[in-house]
Amino acid sequence: MNEQKPTIPELFLSPYNPQDHEDKIYKLWHESGYFNPDNLPSERTEQFSIVMPPPNANGSLHAGHALFVTVQDIMLRFERMRGKKAVWFPGADHAGFETQVVYEKKLEKEGRSRFQMTREELYAEILDFTLANKSFMEGQIRSLGASCDWSRELFTLDDKVVKIVYDTFKQLETDGLLYRGARSSNWCPKHQTSFSNLEVEHEERTEPFYYFKYGPFVIGTARPETKFGDKYVVMHPDDKRYKDYEHGQKIEVEWINGPITATVIKDEAGDPEMGTGVMTITPWHSGIDFEIAKRHNLDYEQVIDWRGKLLPIAGEFAGMDIRDARKKIVEKLEAKGLVDHIDENYHHSVPCCYKCGREIEPQIKEQWFVHMKPLAEKALIALDAKKFSFVTERDERVFRHWLTNIDDWPIARQIAWGIPIPAKVCDDCGHGMVDLENNLTTCTKCGGGVHQDPDTFDTWFSSGQWPLCVTDFGGESDDFKNYYPTSVMETGKDIIFFWVARMIMLGLYRTGEVPFKKIYLHGMVRDKHGKKMSKSKGNVIAPSEIQEKYGTDALRMALIVNNVPSTDMNLDPDKVNAYKKFANKLWNITRFVLDNTTDYEPPIEHTPEDVAFENEFLHPMVKEIHEHMDKDRFDLAAEKIYHFVWDHFASTVIEESKPLLATEGAIRASRQRMLHHYLVTSLKLLHPFMPFVTETIWQELPEKMRDSDILMVAPWPFNPDV
RNA sequence: GCGCGAUUAGCUCAGUGGUAGAGCGCUUCAUUGACAUUGAAGAGGCCGGAAGUUCGAUCCUUCCAUCGCGCACCA
């Protein structure tokens, strides 16, 4: 018969298979209640809080999501193990314009269009779509191991959010920081909405530049299709070539559709170096022209409609799409002998919609703006006073530059999917009035009738107040008191202006405090050759597929090692595979340790040799790893741990232990204790990075080895204060 | 136009004022051994170019080249 000898858990006899354990382990964590800081031991007093950037609930998670979940989860798990009262606030974003675009594409595939629906119908459909995606997406976040507190989850359309956003809107009006005015706005003829400057991309193009005869002048333009209404000719007051012309002088000009009377305007915006130094202006379709027109109180008229078609002012060209019109107009001018010459190699940048690439058409539009200068100045003062800081100083410079040159922010979007703007607009004078109670019936300025503003907020206006919302600012819980300002804001550097800057300014505005103390920005995840992932290139790496093939821990390690803060990184499946092997290595280390310590009974004294060994190698390595963690260099910490486990623990400690374990007595027992110590230390150090495999192993360890039932809340193996 | 970053092994990228590192790939060998999701050994780099600071530079300074990115209402 077989001898009855203690044995190791059977699961270590086969390789580590992530699929068998991940769901169960997440459930264990979740049911432990420790995601919620209220359930952590009450002696924990120091707080650590992070607001999760709420993912857009309009699709599945991409590699960038996996990266931020990983980085933030590492921070949370590290701080939680260090003994802090750690909380991570999860959420989901309705993502106004982004989601509406996704939904419109879906409609298009079904042969439908948003323009055939009422706003209410569209809103209701997108809401269903978004909520379905939201729960799908939350499942994916869980699968990545996110140790966030789901009991505190918030959606950007929840009442709590809307209330805070509306209060801010009202307060901005009260403080004179909000205005409604006619200004040049970035209009996308396809999406039928205006944008802030941030949503406009500038595309470098080489196009013809046309010189037309305009009375006695030659004017240059890249956009002949806008020129129908041009009746002002502008030049610099000091341009000697035109000293014989006086400001206000009328001249007769034969133009596209016949003779017109033009007026000479002397304005410093006229650049003598540019072209002939003379230009005509189209205030309705050019921001700079609009400024000139305002300075001189000039007339202006819309030439291109909201869909990008020419209006009746264009005469025979009326109704023509501007993309077709340019060539035809030049042909006509040519026929009339009004083309002076054409420069075919004009290099310039053209504003385009960041989403569809269609040329942005500047249009004069009445809308809401937030006066940003005062808000930006306060943010800069807070930065100077070190109320918050960037992990990478390069981002701080970029941030400063943008805030210093900030424009007013158009916060309205002409789309259905979003938080409605609680305001009335006067039918007569166009005056805008914030109306939270929804009871204004007459204009507060002229007494005229009013109508509801049909627009919705720029999604960044509400998400700019997100830290206030998740911490329940003005609410009944203690979260705001306990967790605001939060410890760290971790997000992509691509939204430093869209989101980070706005959160700082609006958080500071509402509460007097910047919503986070530290800003850690990560770069973009690219494919293994450094190319941007895109559906059209077919190089998109879906986290869920990688997780299935290599395990979540392996994906997390691959996303972290060599990933320098604020720098783009490449994701190579081969690299993920390397960390899959690593998880298995750890698995087999455990098998070896358990196999060789079944008879080990602590407590036992280390031999002097083993004490010396740990002092020489183990302790300095742990310290070094800790210091990388403490400085937010998780990339370096992860790599160190990898080598600690593989090269030091496995290749050195275990190999050298083999002969010692073959002996009897104190030497063997001391080595057994050392193996336990190394294994426990490795699991703890590695847990923030590879939470699933480490917790799976932890749960199988004999009680005598563990100082906590759950590794997630086990004490971190290094304390700098001791 | 203004600003920023990069240039290190075949590929993708870390890193350091003092004989150069990782992953993958490659070569050779080993293997009833905790682990073939393995082990051992190895090949492979004037650390973009030029000048400077220094006892010493891949690292600091300046210039140049190439690539990439951000910001920007120039007709």
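Proteins get letters first, then strands, A, B, ... in listed order; numbering begins at 1 in each.
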Please report the distance, rounded to the nearest Å, between [atom1] in [X] and [atom2] in [N].
{"X": "A:E204", "N": "B:rA72", "atom1": "CD", "atom2": "P", "result": "14 Å"}
{"X": "A:K658", "N": "B:rG39", "atom1": "NZ", "atom2": "P", "result": "11 Å"}
{"X": "A:D572", "N": "B:rC11", "atom1": "CG", "atom2": "P", "result": "14 Å"}
{"X": "A:D395", "N": "B:rG5", "atom1": "CG", "atom2": "C1'", "result": "11 Å"}
{"X": "A:I654", "N": "B:rG39", "atom1": "CD1", "atom2": "P", "result": "11 Å"}
{"X": "A:E199", "N": "B:rA72", "atom1": "CD", "atom2": "P", "result": "11 Å"}
{"X": "A:R295", "N": "B:rC73", "atom1": "CZ", "atom2": "P", "result": "15 Å"}
{"X": "A:N186", "N": "B:rA72", "atom1": "CG", "atom2": "C1'", "result": "12 Å"}

Within the structure shown, what part of the strands sits under 4.0 Å from [X] by heavy-atom distance: base, sugar-phosphate, or nothing?
{"X": "A:A650", "value": "base"}
{"X": "A:R397", "value": "sugar-phosphate"}
{"X": "A:N588", "value": "base"}
{"X": "A:S184", "value": "nothing"}
{"X": "A:G277", "value": "base"}
{"X": "A:A269", "value": "base"}
{"X": "A:V564", "value": "sugar-phosphate"}

Checklist line | Span that lies between the C1' atom of B:rA72 and that of B:rU54, in whole angstrom | finding: 42 Å
Notebook entry, point to check: Can you tell me how far P in B:rG56 sits from the matching atom in B:rG18, rounded to whole Å?
Noted result: 14 Å
Let's see if you can work this out: which of [options] has an atom nearest to the side-chain heavy atoms of [X]?
{"X": "A:W402", "options": "B:rC4, B:rA72, B:rU37", "answer": "B:rA72"}
{"X": "A:K575", "options": "B:rG23, B:rA14, B:rA75", "answer": "B:rG23"}
{"X": "A:D271", "options": "B:rC73, B:rA75, B:rG15", "answer": "B:rA75"}
{"X": "A:T221", "options": "B:rA75, B:rC4, B:rG23", "answer": "B:rA75"}
{"X": "A:D407", "options": "B:rU37, B:rA75, B:rC73", "answer": "B:rC73"}
{"X": "A:A578", "options": "B:rA75, B:rU37, B:rC24", "answer": "B:rC24"}
{"X": "A:F497", "options": "B:rG70, B:rG15, B:rU38", "answer": "B:rG70"}
{"X": "A:H529", "options": "B:rA34, B:rA14, B:rC11", "answer": "B:rC11"}
{"X": "A:Y346", "options": "B:rA75, B:rC35, B:rA14", "answer": "B:rA75"}

Check: Quick one: on RNA chain B, does A:R394 or A:P272 contact a more 5' nucleotide (nearest heavy atom)?
Finding: A:R394
Checklist line | Toward the 5' end of RNA chain B, by each residue's nearest nucleotide, A:L198 or A:R633 | finding: A:R633
Just checking [X] against [Y], ring centres under 6.0 Å apart?
{"X": "A:F644", "Y": "A:F617", "answer": "no"}
{"X": "A:H236", "Y": "A:Y242", "answer": "no"}
{"X": "A:Y600", "Y": "A:H676", "answer": "yes"}
{"X": "A:F582", "Y": "A:Y642", "answer": "yes"}

Would you say [X] reaches [N]'s phosphate, i.e. side-chain N/O to OP1/OP2 under 4.0 Å?
{"X": "A:N570", "N": "B:rC13", "value": "yes"}
{"X": "A:W646", "N": "B:rG39", "value": "yes"}
{"X": "A:R400", "N": "B:rG3", "value": "no"}
{"X": "A:H401", "N": "B:rG70", "value": "no"}

Item checked: CE-CZ distance between A:M372 and A:R502, expressed to the nearest 0.5 angstrom -> 6.5 Å
Next item on the list: Tell me whether the guanidinium CZ or amine NZ of A:K581 lies under 6.0 angstrom from the six-membered ring centre of A:W646 and within 45° of its axis.
Entry: no
Margin query: If a pair means Watson-Crick or G-U wobble with both distances below 3.5 Å, what does RNA chain B look like in dot-bracket form, with | marking bases paired to a different strand?
Written below: (((((((..((((....[..)))).(((((.......))))).....(((((..]....))))))))))))....
Margin query: Could you tell me if A:K227 and A:T280 have a donor-acceptor pair between their side chains, going purely by distance under 3.5 Å?
Written below: yes
Check: Between A:N570 and A:D527, do the side chains contain an N or O donor and an N or O acceptor separated by less than 3.5 Å?
Finding: no
Margin query: Looking at A:K575, I want to see if its NZ is surrounded by more than 12 non-hydrogen atoms of other residues, nucleotides or ligands under 6.0 Å.
Written below: yes
Next item on the list: Anything under 30° is parallel, anything over 60° is perpendicular, the rest tilted; go ahead and classify A:Y346 against A:H348.
Entry: tilted
Notebook entry, point to check: Is there a donor N/O on one and an acceptor N/O on the other, under 3.5 Å, for the side chain of A:K585 and the base of B:rC35?
Noted result: yes
